[in-house]
Number of protein chains: 2
Amino acid sequence: MVIAATLNDIATKAGVSVSTASRVLNNKASEYRISEDTETLVRKVAQDLGYRPNHVARGLRLQTTNTVGLVAPDISNPFFASIVKRVQTVAHDLGYSLVVCNTNEDSELEEEHLNLLDRKRVDGLIAMPVGQDSSEYHAWIETGVPLVLVDRCFDDLDVPSVVVDNYAGAYQATSFLADSGHRRIAFIQGLPGTYTNSERLRGYRDALHDHELYQDDRLVVGGDFREENGYIETKLLLGLDDRPTVIFASSDLITLGALKAIYEDGLEIPRDLSLLSFDDFDFAPFLKCPLTVVRQPRELMGEVAMKLLAQQLENASAEKKRVVLRPEFILRDSVAPVNVEPASETT
Amino acid sequence: MVIAATLNDIATKAGVSVSTASRVLNNKASEYRISEDTETLVRKVAQDLGYRPNHVARGLRLQTTNTVGLVAPDISNPFFASIVKRVQTVAHDLGYSLVVCNTNEDSELEEEHLNLLDRKRVDGLIAMPVGQDSSEYHAWIETGVPLVLVDRCFDDLDVPSVVVDNYAGAYQATSFLADSGHRRIAFIQGLPGTYTNSERLRGYRDALHDHELYQDDRLVVGGDFREENGYIETKLLLGLDDRPTVIFASSDLITLGALKAIYEDGLEIPRDLSLLSFDDFDFAPFLKCPLTVVRQPRELMGEVAMKLLAQQLENASAEKKRVVLRPEFILRDSVAPVNVEPASETT
DNA sequence: ACTGCGAGCACAATCGATTGCGCACACTTG
DNA sequence: CAAGTGTGCGCAATCGATTGTGCTCGCAGT
């Protein structure tokens with residue numbers, strides 16, 4: 001192992017004090033009236049010794065790490081992956097590194113991560129919380145370290161956050177389905193109790209209500225955002241006597257599971273069944289049946305999140321805004337109109 | 001801002017020395033013969049004060065950060081995203097945090113990141129290098145900090161690494177195309193000079209050669225792994241007089257671009273043109289035309305990478321293995337057989 | 001009463017960088 | 001020659017935790 005040169009080594013070798021070395025290498029030579037000769041000397045010695053500043057020591061002294069934590073449920077999911085990427089990019093531009101944590105939608109794991117990030121003394125945190133319970137985040141706020149919530153937020157927490165108008169997205173989509181003549185609209189939800197899910201569900205329900213459609217509780221199914229959930233629930237829905245005419249999947253992974261189930265049963269979209277998805281993804285236009293979706297501005301979310309955090313970082317008393325972004329309804333081919341007939345459609 | 005309690009505070013309040021407090025909280029009470037009374041007292045005080053250990057200070061003293069860096073070209077690309085996710089998970093299980101960096105296939109940015117990670121004194125590094133040039137990594141190795149290369153590697157670097165047998169994957173796929181009767185097989189390559197690309201290209205070329213097919217240089221096109229590359233090159237290929245009968249896209253994003261171009265021109269896969277892709281992705285089976293692909297074991301790559309790194313971390317002189325994983329050829333519908341006729345296929 | 005011993009803990013150096021304060025010297029001015 | 005004014009830089013504390021070394025008791029033994 002190579003022993004790294006320290007400021008001390010430089011100082012000794014250059015015959016100056018550590019302070020001088022430090023000041024030169026932090027470009028404060030003129031501020032502290034260090035002569036040009038000394039400056040060049042120190043720089044040269046630093047160069048010769050292959051000096052590599054130690055940010056751990058620096059962090060201890062300065063009580064800052066130039067690092068922010070990011071907590072997400074599933075960073076391989078394209079939705080979160082895009083957010084993470086953008087957060088990373090913006091963070092780097094602002095001079096921060098990013099410690100990424102995956103909670104796998106597990107509250108215990110999430111708490112572990114929060115704990116670790118706290119001990120690591122990250123300067124700030126961007127989180128997409130797992131759960132319904134905000135207590136871990138209450139604890140975080142106690143520490144005084146800035147926090148920004150993304151995608152999912154808590155109403156009882158006064159914290160800057162950026163979310164999509166899930167209600168509007170779901171409402172618009174469901175309305176579209178109703179207007180297309182669908183009357184049995186299934187909703188495969190994600191994790192109940194999460195902000196995201198509740199809002200989408202509310203949008204769905206309100207739209208049904210406003211279109212005077214009967215709310216069949218058996219059509220609201222599912223329990224988390226994973227692919228398996230989409231698969232299983234779709235299978236079950238397809239087994240129903242009075243099968244829905246359309247499935248509204250509340251996340252991209254649920255959609256993936258739904259697709260598997262649908263094609264496995266030999267059905268065609270939208271001929272036999274319509275499908276609509278919350279979350280767009282790159283390949284959605286090229287599917288066997290190009291998917292009609294509610295698209296969230298994921299990259300924008302990441303960017304806004306990091307910028308909100310930066311505001312808190314430079315000014316602890318900055319306003320704690322909640323930014324609400326509009327999702328976009330993208331019409332493709334996966335929803336077929338239904339003939340609006342007075343009675344049933346039995347051939 | 002809440003002032004965090006330190007060991008000192010605890011020691012003072014408990015009426016013991018810092019050392020004792022430290023030892024108790026590190027579960028070394030018995031090792032250092034601390035009485036049970038003292039132990040409970042210290043623990044209680046720590047609890048009361050809401051003690052949060054400072055890993056920065058700890059890191060300085062112990063010369064270790066329990067953090068590893070990860071450098072990838074594009075963490076939102078499903079291929080890398082899967083790797084990152086798995087690396088993160090395994091890292092956490094082994095007690096490490098992960099600092100994630102995105103290079104965007106930009107060597108300068110990559111170097112910046114390496115520099116930063118070095119200053120941050122990460123304990124190890126997992127990298128998917130951008131370039132053809134290994135000099136930055138040579139510099140890294142000088143520091144003595146363990147390094148593992150993933151997906152792309154350098155032959156002039158004695159470093160543990162995990163790669164896919166790109167040659168075999170490309171060879172098998174190209175052979176399949178040849179066996180299906182294709183004689184004009186286009187190859188849209190990624191970034192020339194990268195290990196990945198060179199190997200795939202070599203596999204493609206060798207397969208052509210072994211099947212006694214003419215190598216038309218105009219059919220080897222492209223210059224990076226981005227979607228735009230796939231789009232543009234496909235457009236150009238489609239404009240050729242003697243258009244290829246199949247396109248072999250050497251990454252998922254290139255495939256995405258190709259799909260755009262193909263459907264934009266109103267062509268059908270595989271009727272008008274066959275398509276084959278390096279990289280599988282979740283939605284590949286559900287595309288308009290389910291894609292035949294060479295699948296890489298991405299999650300496995302991430303896991304192996306982190307485990308290799310862990311080996312280096314606990315034993316600096318551990319063997320520097322190169323792990324080569326087999327890709328899997330997955331046959332779906334996007335390659336149509338071509339009638340092998342003696343002459344041209346003009347009508 | 002004096003020695004010996006182990007239990008229980010404290011001292012102080014250390015990791016590497018930052019920074020407020022102040023010192024020493026040179027040179028100018030009255 | 002004394003006082004005044006800069007210039008150029010060093011001293012030493014500090015951030016919070018870890019740890020090798022060694023001190024100080026109380027008690028048993030003779």
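We name chains A, B, ... by the order of the sequence lines, and we start the count at 1 in each one.
- The side-chain heavy atoms of D156(B) and S134(B), taken from C-beta on, include a pair separated by under 4.5 Å.
- Identified under the ring pair (Phe, Tyr, Trp, His ring centres under 6.0 Å) test for residues 70-94 of chain B, with sequence neighbours left out: H113(A)-H92(B).
- Rounded to the nearest 0.5 angstrom, H138(B) NE2 and L147(B) CG are separated by 11.0 Å.
- A 4.0 Å heavy-atom criterion places the boundary nucleotides of DNA chain D facing chain A at dT7(D) to dG16(D), written 5' to 3'.
- Scanning for side chain to side chain contact (heavy atoms under 4.5 Å, CB included) contacts around V122(B) gives T67(B), L117(B), W140(B), with sequence neighbours left out.
- If you check residues 115-125 of chain A against DNA chain C, you find no residue with a heavy atom closer than 4.0 Å.
- With sequence neighbours left out, the salt bridge (charged side-chain N to carboxylate O under 4.0 Å, His left out) criterion links D155(B) to R322(B).
- Under the side-chain hydrogen bond (donor to acceptor under 3.5 Å, both in side chains) criterion, D133(A) pairs with S135(A), not counting sequence neighbours.
- Heavy atoms only, all atoms of each residue included: T194(A) and V130(A) are closest at CG2-O, 3.3 Å.
- Contacts between residues 7-21 of chain B and DNA chain D, defined by a heavy-atom separation below 4.0 Å, involve L7(B), V18(B), S19(B), listed by number.
- Here the CG-CG distance, from N54(B) to D118(A), works out to 9.5 Å after rounding to the nearest 0.5 Å.
- Of the options L7(A), T6(A), T12(A), a side chain to side chain contact (heavy atoms under 4.5 Å, CB included) to D9(A) is made by T6(A) and by none of the others.
- T65(A) and K120(B) make their closest contact through O-CE, 3.4 Å (heavy atoms, listed as atom of the first residue, atom of the second, distance).
- Within the model, atoms CG of L94(B) and CG of L313(B) stand 9.0 Å from one another, a figure rounded to the nearest 0.5 Å.
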Which pairs would a plain distance check flag for residues 23-33 of chain A, meaning a side-chain donor or acceptor within less than 3.5 Å of a matching protein atom at least two apart in sequence or in another chain?
residue: N26(A); atom: ND2; partner: S22(A); partner atom: O; Å: 2.9
residue: N26(A); atom: ND2; partner: S22(A); partner atom: OG; Å: 3.3
residue: N27(A); atom: OD1; partner: R43(A); partner atom: NH2; Å: 3.0

Atom pairs, N/O to N/O, protein against nucleotides 26-28 of chain C, distance under 3.5 Å?
none

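- Between P146(A) and Q312(A), the shortest heavy-atom contact is CB-CB, 3.7 Å.
- In this view, D48(B) and K44(B) satisfy the side-chain hydrogen bond (donor to acceptor under 3.5 Å, both in side chains) rule, not counting sequence neighbours.
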(message) One pair to check against side-chain contact (heavy atoms from CB on, under 4.5 Å): E105(B) and L191(B). What are the steps and the verdict?
(response) CA-CA 9 Å; E105(B) 299 279 15; L191(B) 196 60; 4.0 Å; yes
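- Looking at Q88(A) and Y96(A), their side chains never bring a donor and an acceptor atom within 3.5 Å of each other.
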(request) Show your working on side-chain hydrogen bond (donor to acceptor under 3.5 Å, both in side chains) between S19(A) and S17(A) and close with a plain yes or no. (result) CA-CA 5 Å; S19(A) 354; S17(A) 75; 3.2 Å; yes
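- Between the axis at the start and the axis at the end of the helix from dA1(C)-dT30(D) to dG30(C)-dC1(D) there is an angle of 80°, using five pairs per end and rounding to 10 degrees.
- Contacts between residues 22-39 of chain B and DNA chain C, defined by a heavy-atom separation under 4.0 Å, are made by R23(B), Y32(B), R33(B), I34(B), S35(B), T38(B).
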